[in-house]
Amino acid sequence: MSSNRAGQVRTRFEQWRSGYSTWRDSIDPVLSVIYQARFAMLMSVVLSLLLTLPPQTIDAVRVLAEDGRWWPVAVFWIGATLVCAYLWGSARAVRVLLRSHAGELARISPRVSEHIARAFGVLPLVAIAAACGRAIRITGAGEAPPLLWVFVGLGIVGAIALHLLFGLQERWLGRHESETGVLRRVVRTGCVIAMAASVLLSLVFAIDRGASSRAFGPFYSIFMSAMGWTVAGSVLVYWGSRWRLPLLLFAVGLALAWSALDWNDNHALRRLPTPSATEPRTLPDISTTFERWLDARADEDEYAVYPVFVVSAEGGGLYAAYYSAMVLSALQDQEPAFARHLFAASGVSGGSLGVAVFGALASQEAHNRTHAQDSMAASAASPFVFKAAADRILSRDFLSPVLALGLFPDTLQRFLPFPVPIFSRARALEEGFEWAWRREAERHDGWAQNLFARSFYDLWPSFEQGATPALLLNTTEVSTGQRMVITNLFPDNPLYSDGQLRTERDTHNITTLAKLAPALDLRLSTAVGLSARFPFITPAGSITSTVEGRTTKRRFVDGGYYDNSGAATMADVLLSMHAVGHEDTEESQHEHHKPYKLIWIHIGFIDRSADRPGGSLHTWKGLGELLSPLRALLNTRSGRTGSSVRDLRLTTAQLKEHRGETESIEFVLDLDASGPPLGWLLSNKSRDKMKESIQNSFNVESRETVLALLRYRLQTRGQPPNP
């Protein structure tokens, strides 16, 4: 009995092995085709994932559909069709050409290889349909732009049509390639065109910092780079197979080696060729400067208690920049005194750009004068509209140049053993800020045309006498994980003797750029860009400093890694400011200080992405051991934001209890299911929604509170308002 069972087991095993061998024989041709055309197929998969997974790509598709301009839409679909043709053509050409030189591949079924090449060729169009479907699901079927539905249909129909067209083309080539060498001529022509276009675009983008890409939109760079790199990689695969050398692996190995040796880091921070300061810079401390600033206010005597505002602005890409600038500009347009009462603004990432734009506008159009002088100036000429100017500056396309440099010269940089600074994609973002400012400055007489291209510290020719707020742009140092703040003032954060307000640990956590590198002079655009360097869209920026005779390279990334709210830095600012007029020393009791009231304004966001049908970006539970550390890092970024804001609310409550005259006000943008894009490109519809958000009941109440504080002067009598 046991021998019969053993025989049955052996028989079944032999049947299984025979079946496996038969299956393996049938699948080998497919594997051989995939191996020979592996690079084109890999590019097809990578491009398809790039089109469907990143939220920035989904947002860019939404922008394309919401704006509905025919030229970018045409470029998008023409580029998608061309890249599909190149993917199919490269996969098929490598397979056919290698088949003529490798007898072992002669048994590959032409129908199998052709269908595989076609499938990978049309995959990007299927991915576009899927991306548009995701955008519809996130936005909501009822609110989605009609063009998104059209794009879904075009993606599906286009994939089917191209699959059939590729089949017809294969039949024609099959009849002619063996006799006339048509395929070789087609391949040579296609390779020359793709490589020449890639080289030309790399040079053009390196010279103009990607500015020309704005005419075509962000997908133009994605599709053109996919064509160029598909051809380059397929050529390496072909000649590597002919010569029996792993040329593709060798190229990738060189890129990894140069990066590991840190030979080709081209992301060093741009320095001004001529520093604006002849000696190492030492920042004045906030407590001393604030006292002088307060005494210099032209309208100081018009208030019994002088309102002083400070602002913290959360990060979040261009939507954070736009919303922050809109909130501050709306306050300034309704009350011209706002800027001269705004002492400092702390920003992170996009919030840094928002407060920097407002600060730059204030440096040109805000004044330290009395309310009577405000009224005389308004009656003499049409008042300058801050909201309109900020809208024009931040409605520009900042994304396309970053993609253009990142996918062309900056990718080429990875294969070079030496740095080429003009290839850095971070420069495209910074110079985009400069270009946007210049375009606005051209509309106004007397404006500084290159304000964002000048030194960060030049924004304040006379800070204490002017109406431009101090800026504190937050970054994160890679090696320590601590804040590094680019600012014109030092948050000295003096220690209180009161045991209930202990700030020792906060005092030593702030490093400023002026302290880290006293001789380093950055442009305003570079300072803003460093605060917004969220890898991998923009790379970490590096500086080289010498401490005690030892040269050290230090890298910095987005300030949101440490605290995405800007509230941690603002807490130090508030504590430093509140020391003025409240010192407990005997000497200070004999000094006269104007009574003032500190009001902290926080500009933040409520993200409801976890509630929308598409879900949030970091909630997928798969690949737990591999991806959990990354998910924790990304989710901690948003989690710590709320914690920092709550801590600052507690700090202001303690200051009010122990020192009095301290309040907090918040402006909030609700990022609902149809929230604005998260990258560096905004559609008209997204901007309109953020403008409308400023008018909701909560934000209107906050705005009226700020205006009431500014408008309560001695002439009005009564009691000052409390937020």
Side-chain angles (χ1 to χ4, degrees), residues 63 67 69 71-72 204-205 207-218 270 272-274 276 318 321-322 324-326 328-330 332-333 336 339 350 352-367 377-378 380-402 404-405 422 426-461 466-469 471 522-529 532 680-684 687-688 691:
V63 169
D67 288 348
R69 293 179 295 156
W71 175 244
V204 170
F205 291 154
I207 292 171
D208 73 357
R209 305 298 191 272
S212 57
S213 66
R214 293 191 184 95
F216 304 99
R270 289 191 301 159
L272 282 168
T274 303
S276 60
L318 190 54
Y322 188 86
S324 301
M326 285 295 104
L328 298 176
S329 296
Q332 179 66 23
D333 286 337
S352 290
L353 176 59
V355 298
V357 166
F358 178 79
L361 293 175
S363 72
Q364 304 301 303
E365 293 292 339
H367 305 280
S382 299
F384 175 76
V385 181
F386 276 71
K387 281 182 65 177
D391 175 73
R392 287 189 294 266
I393 293 172
L394 295 174
S395 64
R396 309 295 181 181
D397 178 4
F398 299 108
L399 178 62
S400 293
V402 175
L405 260 76
I422 63 172
R427 294 193 173 200
L429 184 62
E430 296 169 12
E431 295 193 10
F433 300 155
E434 298 171 14
W435 168 76
W437 175 264
R438 285 196 303 271
R439 291 289 298 271
E440 180 62 25
E442 291 169 358
R443 303 168 60 97
H444 308 281
D445 295 332
W447 274 34
Q449 297 289 315
N450 59 347
L451 189 60
F452 268 74
R454 286 162 48 181
S455 171
F456 169 82
Y457 303 101
D458 287 350
L459 192 60
W460 303 271
T468 305
L471 297 182
L522 297 182
R523 294 170 174 83
L524 176 58
S525 63
T526 303
V528 172
W680 292 104
L681 180 64
L682 285 175
S683 68
N684 294 330
R687 295 197 303 274
D688 291 342
K691 292 176 187 176

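A quick note: this is a predicted structure, and the numbers were derived from the prediction, not measured.
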Problem set entry | Nearest heavy-atom neighbours spanning Ala467 and Ala362 | O-CB, 3.9 Å
For this session: Taking the side chain as every heavy atom from C-beta outward, state whether Leu328 and Val355 have any atom pair closer than 4.5 Å.
Result: yes
For this session: Examine distances only and state if a side-chain atom of Ser352 and a backbone atom of Val528 form a donor-acceptor pair shorter than 3.5 Å.
Result: no
For this session: Measure up the Phe398 and Phe433 rings against each other and bin them: parallel (under 30°), tilted (30 to 60°), perpendicular (over 60°).
Result: perpendicular
Exercise. Do Leu451 and Ser363 have side chains that get closer than 4.5 Å, going by heavy atoms?
Worked result: yes
Seminar exercise, completed: Of all heavy-atom pairs linking Glu430 and Arg270, the shortest is OE1-NE, 2.9 Å
Problem set entry | Shortest non-hydrogen contact between Ala428 and Pro401, atoms and distance | CB-O, 3.5 Å
Problem set entry | Distance (rounded to the nearest 0.5 Å) between Leu682 CG and Arg687 CZ | 6.5 Å
Exercise. At their closest point, which heavy atom of Ala441 faces which heavy atom of Gln449, and how far apart are they?
Worked result: O-NE2, 3.3 Å
Exercise. Would you call Phe384 and Leu361 a side-chain contact if the rule is heavy atoms closer than 4.5 Å?
Worked result: yes
For this session: Side-chain contact test, heavy atoms from C-beta onward, threshold under 4.5 Å: evaluate it for Trp71 versus Phe216 and give yes or no.
Result: yes
Exercise. Should Arg454 and Leu524 count as side-chain neighbours, where that means a heavy-atom distance under 4.5 Å?
Worked result: no
For this session: Tell me, please, which residues at least two apart from Arg209 pass side-chain hydrogen bond (donor to acceptor under 3.5 Å, both in side chains).
Result: Glu431
Problem set entry | Counterpart residues, side-chain hydrogen bond (donor to acceptor under 3.5 Å, both in side chains), relative to Thr468 (two or more places apart) | none
For this session: For Trp437 and Ala448, indicate whether the former's side chain and the latter's backbone hold a donor-acceptor pair under 3.5 Å.
Result: yes
Exercise. Is the closest side-chain heavy-atom distance between Glu434 and Asn450 below 4.5 Å?
Worked result: no
For this session: Take the angle between the ring planes of Trp447 and His444 and call it parallel below 30°, perpendicular above 60°, tilted in between.
Result: parallel
Exercise. What residues form a salt bridge (Lys or Arg N to Asp or Glu O under 4.0 Å) with Arg439, not counting sequence neighbours?
Worked result: none
Exercise. Can you tell if the side chain of Tyr322 reaches within under 4.5 Å of the side chain of Lys691, non-hydrogen atoms only?
Worked result: yes
Problem set entry | Trp435 side, atom CH2; Asp397 side, atom CG - distance, nearest 0.5 Å | 7.5 Å
Exercise. Got a second to check how far Leu429's CG is from Leu353's CG, nearest 0.5 Å?
Worked result: 8.0 Å
Problem set entry | Nearest atoms (heavy-atom pairs only) where Leu399 meets Pro218 | CD2-CB, 3.9 Å
Exercise. If you take all heavy atoms of Gln332 and Phe358, which pair is closest and at what distance?
Worked result: CB-CE1, 3.8 Å
